[in-house]
Peer 1: 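Please see the structure below; I have some questions.
Reminder, nothing fancy here: chain letters follow the sequence lines and each chain counts from 1. In what follows, every heavy atom counts, from backbone to side chain, and hydrogens, waters and symmetry copies are set aside.
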Amino acid sequence: MTYTSSLLRLLDERGYIHQLTDAEGLDKLAAGQVVPGYIGFDATAPSLHVGSLVQIMLLRRLQQAGHKPVVLMGGGTTRIGDPTGRDESRKMLSDEAIEANIASIRTIFARLLHFGDGPTDAIMVNNHDWLGQLGYIELLQKVGTHFTVNRMLSFDSVRLRLEREQPMTFLEFNYMILQGYDFRHLARSAGVRLQMGGSDQWGNIVNGIELTRRMDGQEVYGLTTPLLTTADGGKMGKTAAGAVWLNDDALPAYDFWQYWRNTDDRDVGKFLRLFTDVPLDEIARLEALGGSEINAAKVVLANEVTRLCRGEAAAAAAEATASATFAGGGLGQDLPALALPAAGLSLVDALVGIGFAASRGEAKRLIAGGGAKVDGEAVTDETAHIVGGSEVRLSAGKKKHGILRPA
RNA sequence: GGACAGGUGGCCGAGUGGUUAAAGGCAGCAGACUGUAAAUCUGCCCGCGCAAGCGUACGCUAGUUCGAAUCUAGCCCUGUCCA
């Protein structure tokens, strides 16, 4: 359908919309007033990773279209764990750890959203503030009466778990009730009218909408984004080294830049639309590039995403390093580095020390397989020694490069 | 509380006394081909050691045995059914 509100038009043309609970209703609302909308985030780690970036960008779009982003930190629900898609119950975190995580995660939102007291300024809330107050009996009375177990059992998050004969605790089973309550609470206390989230959150969002309608007679809306996978079928944001973290201190900017630079050809256009502010006509031009020319589009993607998440300077430095290292065959200053003692260093120790191999055995296998290079030359002798005294370029495979600097 | 089934390497999943550091698959790493892409083919894939080898590992603990992932007992956890 064609939307009249700038919000839905923007979201639609950049590929954020998977499902809407009431497209017409929301379109009308968004065309006529500032719509506060929220997305919930977990506080299980000190940083969010690339898998959450669609949601963060969605809040950014909301603000760009003149509405109000509400970042909901799951300080309360993190103490429970969302059963969705997980085979195992989540570990419980201490209150202090959760608070510290929220503070750390806040820094990434500060880069991508404008916070403040104005009508379209972003705000951050923590559901521990209201869920923590709730008494069990009170919750059962107020909220429990609006849920039937029959229906709860039919939700994918529960059903799949049962079908796979994976355990699900009562604690987790309650997650959806608390999630639904969040929406109703935010609708009442902050005038929130929209909840967004990944497609796996559909059931939770619908629950919240119904609960809000039943308890308060208030009409609220839901929107989900498509499940993002890479073109080769993998999950977004996972690499060998682990998750691609958004926070500066969780992953070096150069590695973050490289993650985007190595995007599959087929994903370039999609990622540019979702993760950058590059205008659509420019994206259309970039994704039409054929053959190796598409690499130029990948550089734009890497630069833009890094700029948004890590800042202008970090993006420029990462690009300069990549350019010097790959195109120039030289050394960029942002590469991982290791001190090289005057007496030199064994190749094995150098590979382990700089982080290209997790153990000495792995380093030896890398060497034996022909993947270790010193100053661009493959070295296949496990006992090779690197002499000290001058700067050395150390590589593992074609993509991982580092510098050994005389100490 | 009872009966039955099950708990194996990052994941899935074989393995029922020695030749098992444990088949196979996925994921991952490297090589070839390329464009820092994909697909494909090849090699690698617990740790330490130059090596012979040593250490650690099949839910936990104690046993049987020359020898246990494999047998026994107790315990913990999960599922299904019964109460």
Peer 1: Using nucleotides 32-36 of chain B, report all nitrogen or oxygen pairs with the protein that are shorter than 3.5 Å.
Peer 2:
| residue | atom | partner | partner atom | Å |
| --- | --- | --- | --- | --- |
| B:rC33 | N4 | A:Lys398 | NZ | 3.3 |
| B:rU34 | O4 | A:Lys398 | NZ | 2.5 |
| B:rG35 | O6 | A:Asp265 | OD2 | 3.3 |
| B:rG35 | N1 | A:Asp265 | OD1 | 3.3 |
| B:rG35 | N1 | A:Asp265 | OD2 | 2.6 |
| B:rG35 | N2 | A:Asp265 | OD1 | 2.6 |
| B:rG35 | N2 | A:Asn295 | OD1 | 3.2 |
| B:rG35 | N2 | A:Lys298 | NZ | 3.0 |
| B:rU36 | O2' | A:Asn262 | OD1 | 2.2 |
| B:rU36 | O2 | A:Gln258 | OE1 | 2.8 |
| B:rU36 | O2 | A:Asn262 | OD1 | 3.4 |
| B:rU36 | O2 | A:Asn262 | ND2 | 3.4 |
| B:rU36 | N3 | A:Gln258 | OE1 | 3.2 |
| B:rU36 | N3 | A:Gln258 | NE2 | 3.3 |

Peer 1: Which residues in residues 364-372 of chain A have at least one heavy atom lying under 4.0 Å from any atom of RNA chain B?
Peer 2: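 When residues 364-372 of chain A is checked for heavy atoms under 4.0 Å from RNA chain B, the hits, listed by number, are A:Lys364, A:Arg365, A:Leu366, A:Gly369, A:Gly370, A:Gly371.
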Peer 1: Mind checking what makes side chain to side chain donor-acceptor pair (under 3.5 Å) contact with A:Gln55, not counting sequence neighbours?
Peer 2: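 A:Gln55: side chain to side chain donor-acceptor pair (under 3.5 Å) contacts with A:Thr225.
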Peer 1: Taking ring pair (Phe, Tyr, Trp, His ring centres under 6.0 Å) as the cut-off, I'd like each qualifying pair that reaches into residues 332-364 of chain A, sequence neighbours left out, listed once.
Peer 2: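 Residue pairs passing ring pair (Phe, Tyr, Trp, His ring centres under 6.0 Å), neighbours aside: none found.
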Peer 1: Provide the Watson-Crick or G-U wobble partner of B:rG43, both distances under 3.5 Å; none if there is no partner.
Peer 2: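 Looking at the geometry, B:rG43 pairs with B:rC29.
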Peer 1: My understanding is that a pair needs two contacts under 3.5 Å, Watson-Crick or G-U wobble. By that rule, which nucleotide pairs with B:rA5?
Peer 2: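 Base-paired to B:rU78.
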Peer 1: Can you list everything that forms a side chain to side chain donor-acceptor pair (under 3.5 Å) with A:Trp260? Sequence neighbours excluded, please.
Peer 2: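 Applying side chain to side chain donor-acceptor pair (under 3.5 Å) to A:Trp260 gives none.
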Peer 1: For residues 192-223 of chain A, pull every pair meeting ring pair (Phe, Tyr, Trp, His ring centres under 6.0 Å), keeping only residues two or more places apart or in separate chains.
Peer 2: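 Those involving residues 192-223 of chain A do not exist here.
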Peer 1: Can you name the atoms? Protein N/O to nucleotides 52-56 of chain B N/O, anything below 3.5 Å, with the distance.
Peer 2:
none

Peer 1: What residues, two or more places apart in sequence or in another chain, satisfy ring pair (Phe, Tyr, Trp, His ring centres under 6.0 Å) together with A:Phe109?
Peer 2: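 Testing A:Phe109 for ring pair (Phe, Tyr, Trp, His ring centres under 6.0 Å), a comparison that skips the adjacent residues, returns A:Phe41.
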Peer 1: Identify, with sequence neighbours excluded, every residue that meets side chain to side chain donor-acceptor pair (under 3.5 Å) alongside A:Glu319.
Peer 2: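 Applying side chain to side chain donor-acceptor pair (under 3.5 Å) to A:Glu319 gives A:Asn303.
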Peer 1: Ignoring backbone atoms, test whether A:Lys400 places a side-chain nitrogen or oxygen under 4.0 Å from the OP1 or OP2 oxygen of B:rC29.
Peer 2: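 Looking at the OP1 and OP2 atoms of B:rC29, neither is under 4.0 Å from any side-chain N or O of A:Lys400.
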Peer 1: Does anything in residues 367-392 of chain A form a ring pair (Phe, Tyr, Trp, His ring centres under 6.0 Å)? List the pairs, not counting sequence neighbours.
Peer 2: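 Those involving residues 367-392 of chain A do not exist here.
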Peer 1: Excluding sequence neighbours, so at least two apart, what forms side chain to side chain donor-acceptor pair (under 3.5 Å) with A:Glu312?
Peer 2: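 A:Glu312 satisfies side chain to side chain donor-acceptor pair (under 3.5 Å) with no residue once adjacent residues are dropped.
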Peer 1: Nearest 0.5 Å, what's the CD1-CG distance between A:Ile39 and A:Leu62?
Peer 2: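 Those atoms lie 8.0 Å apart.
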Peer 1: With respect to the phosphate group of B:rG47, does any side-chain polar atom (N or O) of A:Ser359 fall under 4.0 Å of OP1 or OP2?
Peer 2: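 Checking A:Ser359 against B:rG47: at least one side-chain N or O falls below 4.0 Å of OP1 or OP2.
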Peer 1: If a pair satisfies side chain to side chain donor-acceptor pair (under 3.5 Å) and one of its residues is in residues 350-368 of chain A, list it, with sequence neighbours excluded.
Peer 2: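 Listed by first then second residue: A:Asp349-A:Arg360.
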